[in-house]
Amino acid sequence: MILAQEKLTELLQAYPPERQHTLAVFQDIQKECGYLPKEHIVAAADYLKVPLSQAYAMATFYHTFSLTPRGKHVIKVCDGTACHIKDSKGVLQSLERLLGVGLGGTDADGLFTIETVACLGCCALAPAMQIGEEYYGNLTDEIIAEVIADYRRREAGEVVA
Amino acid sequence: MSAKRTILVCCDTGCIASGSKAVVTALKEQLALAAAAGVAGAAATDATVEPLVKQTGCHGFCGYGPVVKVMPDDISYYRVKPKDAAAIIESLGGEPVERLLYRDDAGQRVTGREENPFYSSQKKLALRNVGELDPELLDDALSRGVYESLKKALTMTPEEIISQVERSGIRGRGGAGFPAGRKWRIAAGYNNNPKYVILNGDEGDPGAFMDRSMLEGDPHSVLEGVAICAVAVGATDAYLYIRDEYTTALRTMKQAILDAEAAGILGDSVLGSDKQLRVQVVRGGGAFVCGESSAMIASIEGAVGEPRAKYIRSTQEGLWGQPTVLNNVETFINIPLIIANGGDWYAQTGTDKSKGTKVFALVGKIKRSGLIEVPMGTTLREIIFDIGGGIPGNRRFKAIQTGGPSGGCLPDSLLDVPVDFDTLLEYGSMMGSGGMIVMDERTCMVETARYYVEFLARECCGKCVPCREGLRWLLDILTRICEGEGEFADLEILEGICETMTLASRCALGKTAANPVITTLRYFHDEYEEHITHKRCPAGVCRMGVAP
Amino acid sequence: MTVNLMIDGLACEAAPGQHVLDVARQNGVEIPTLCHHEALAGQACCRLCVVEIEEASGSRDVVVSCTYPAKEGLKVSTNSEQVRRLRRTVLTLLAERAPLAEGALPAYCQEYGVTGYDLRFTVDKDEKCILCGLCTKACAELGNSAIETTLRGVDKQVAPPFDEPPAACIGCASCAEVCPTGAIACEDADGVRTIWEKEFELLRCEACGKPFATAEELAWLKERLLDTELNLAYCPSCRGKMSLKDLT
């Protein structure tokens, strides 16, 4: 999703035109768009008076940012150490099977994108994942299937409504 | 007079993932119902002592969440479900709900924290308020004495504050253990203004959530520590650099700043004094290397998080080239205690060279996992077996990993060493920020080393050759060994690269990045040999393509 | 004010804060470097210039000489067995990363006996870039900030934004000039310069007639040097001769 010019201007002007706000501006754009569209990186660099090469370097250095569109719900599979030794790989495989898409990919409906994250910080509930702002712990194949089915039901419900 | 009861429900990220929000709703519903019927236990018949349900920060025992504590009775319930709410409300003032109590190692039900082996040998200094108050309420914090130390600090000279911090012996909790007092003194000694204070809340270590729990559970004590530091070194601006993934922590801290400003605690006049302090939150960008101070500074300035090349400390030349003190969340949260009780009081806890307590995230293959705080010098055995209850499923302990990706894996022969900064370093690991991951016989140490190297290969800034290219080679070789394609000659290559990374890398990340490989080679060499000679993974983790 | 230090047993004088590498070179002690350039100092990327030091306090360390400041009483050892061993590993890592690198890297490899590497670790057998960062620094300081290092960790690379021919590039070729390994393709042919997949028309010096700069570069210079007396119609070499003539 690309922002309308007015909306983009409003977003940018929430910050003074200084380099130090690059990260924050990018985070706000990504929050709105789900990723960093190329034209918005260009506009942000211009507004913040940062050379485009450096703005692009930041967009690719910080792993928070995605340069390609993502699904409506981003699933972050935790691959922190506690999750890793409790088979986070199994969580990933389970999701890949359910959604028919690999790590980094977005499913056919554009609903889910699967990513990994270094650590969600709920290590005592390993293995864990985050969808949007919701956390899910002590994951098993059954729980994962249930969570995904739940999201799909809600989406279907929204469409009907 | 019958005391007013408070039901504290842990709503830290871990317990929320276990469903604690639904428990809060159910408890409130049941309270309303009971109040309407006038039967909410003996106490609630009197409207003035109506129990209060509070959402708090982390209670620590995350593996058994959602955790609910009834005060002042000190009754703790675990794995509470919404359907248990009625029973809890009904029991207030009477007998506790038996089935929700913790069963200790002998099978006895325990009500209080003191009787629970997970809590009984802990010492809560940094976590003194975490889990005891509603982090969104400034009044809750004030009622527990938060900001009293800041008041006191404003009556002291900077020299007096710094010397108390020095006397406390507190060393930075972010990893390297640099004495906080010395750092403050250096920054205070420069006269070029402005000066800055930075809070490192970019907890990027996999397997660690200490800082998150403090930011979410006791934001005002964190702010108080930051403010005392600013007063001591003469800073007028503070930046809180917090991971973007920590949505709750970010929200809580932002709210706390607004509340503290509105109450005249922070802002143009700190508690009515002539000192001013502006506090801003900076969201991290998902880069482990930004935990390195000069990389974090670059990130705040709006650049990529590459550690700088100059041999100069940020206390002298930090943010925008100005004197800057950067400390971690846990360091700051301890400061108010030191000011309130004195440096000598703080120094009574801990070992000769590592004072105070340390918060750890005790996780992995362990029965009782969660957030713990113990005096420095507690042994690994006490932590793993007394507090953690040992390894589940009658399996054997194999290793404990401390210090995150910069730390190492220690074997059972080292279980009796005291946990402090210098001892961990001596054995090839480090304190780091406090992750402790317990591994059992079904964890492969070669694969664990590979895991950390893969993490670092992705997370390092990529600027200097030993770290970037070294990690690439380490990952390549370790992957080969895990796949049964390793050769003995590879072990020699590993050692050569590890030496070069350790000595010649540009920053602390690079200099410690080889630690997971060095320690596993040192303590678990036989596992490497098994993988190479017999193409067999003793833990049964690596798939070799050849039947074992 | 000067400070006194010892480099390989040789008593040296230095300005305080002057980098050990420069002091060594002034005193005829050679230390190998790949990412150091006098005009663009402080890269500290390649780590080939490692040395052992002992401070006046007696504490010892391994540091890189290109950024380590000279201090009173410092003892520097530039060629110990440990230092040579570290350099051999660094060279091995680099040689395998950039097998086709030209210039100093293959020469140092020969000097340090790094031969017959294990090609298992080569990602791209045509690679020349060692990621020293000189090109991006030159672009930021002498050019128009058209290129940067992008991505991070083992994936780091030098690239223009979005891996497209960079709009900001003025074709000054500073990047190619400072590259120590010949990794940046820059071709001048038939009055046209091709660099970063962009083509630039080359202007000729009004005095000697040789092609010397791109139109974009001169326009860029003009914008920044409003008050200059420089006559941008002439190449730097002819300009030099003319001002000499003016003086005499």
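The chains referred to below are lettered A, B, ... by the order of the sequence lines, with proteins before strands, and numbering in each begins at 1. Since the model is a prediction, treat every value here as computed from it, not as a measurement.
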Notebook entry, point to check: Got a salt bridge between K75(C) and E52(C), using NZ or NE/NH1/NH2 to carboxylate O under 4.0 Å?
Noted result: no
Checklist line | Largest heavy-atom contact set with chain C, pairs under 4.5 Å, which of V465(B), L471(B), L456(B) | finding: V465(B)
Margin query: Between V90(C) and chain B, with a heavy-atom cut-off of 4.5 Å, which part of the residue counts as in contact: side chain, backbone, both or neither?
Written below: both
Check: Backbone N or O of G408(B) within a donor-acceptor pair of the S429(B) side chain at under 3.5 Å?
Finding: yes
Next item on the list: Would you kindly check if the NZ (Lys) or CZ (Arg) of R182(B) is within the cone defined by 45 degrees around the ring axis of F178(B) and under 6.0 Å from the six-membered ring centre?
Entry: yes
Margin query: Which atoms of L48(C) are under 4.5 Å from chain B, going by heavy atoms: the side chain, the backbone, both sets, or neither?
Written below: neither
Notebook entry, point to check: Is it the side chain or the backbone of I493(B) that comes within 4.5 Å of chain C heavy atoms, both, or neither?
Noted result: side chain
Check: Using a cut-off of under 4.5 Å for heavy-atom pairs, which of R88(C), Q43(C), R85(C) has the most such pairs with chain B?
Finding: R85(C)
Checklist line | Residues in residues 503-522 of chain B near chain C [non-hydrogen atoms, under 4.5 Å] | finding: L503(B), A504(B), S505(B), R506(B)
Margin query: Can you see whether Y452(B) engages Q401(B) through a side-chain donor-acceptor pair at a distance of less than 3.5 angstrom?
Written below: yes
Item checked: Residue part contacting chain B, namely of Q82(C), when any heavy atom lies under 4.5 Å -> side chain
Margin query: Can you confirm whether R60(C) is buried at CZ, in the sense that more than 12 heavy atoms of other residues, nucleotides or ligands lie under 6.0 Å from that atom?
Written below: no
Notebook entry, point to check: If you tally heavy-atom pairs under 4.5 Å against chain B, which of R47(C), R97(C), R87(C) wins?
Noted result: R47(C)
Check: If you look at every heavy atom in D8(C) and N79(C), which pair is closest and at what distance?
Finding: OD1-N, 4.2 Å
Item checked: More than 12 heavy atoms of other groups within 6.0 Å of R480(B) CZ -> yes
Next item on the list: Give a yes or no on this: more than 12 heavy atoms of other residues, nucleotides or ligands lie within 6.0 Å of atom NZ of K353(B).
Entry: no
Check: Hey, is R243(B) close enough to E203(B) for a salt bridge, meaning N to O under 4.0 Å?
Finding: no
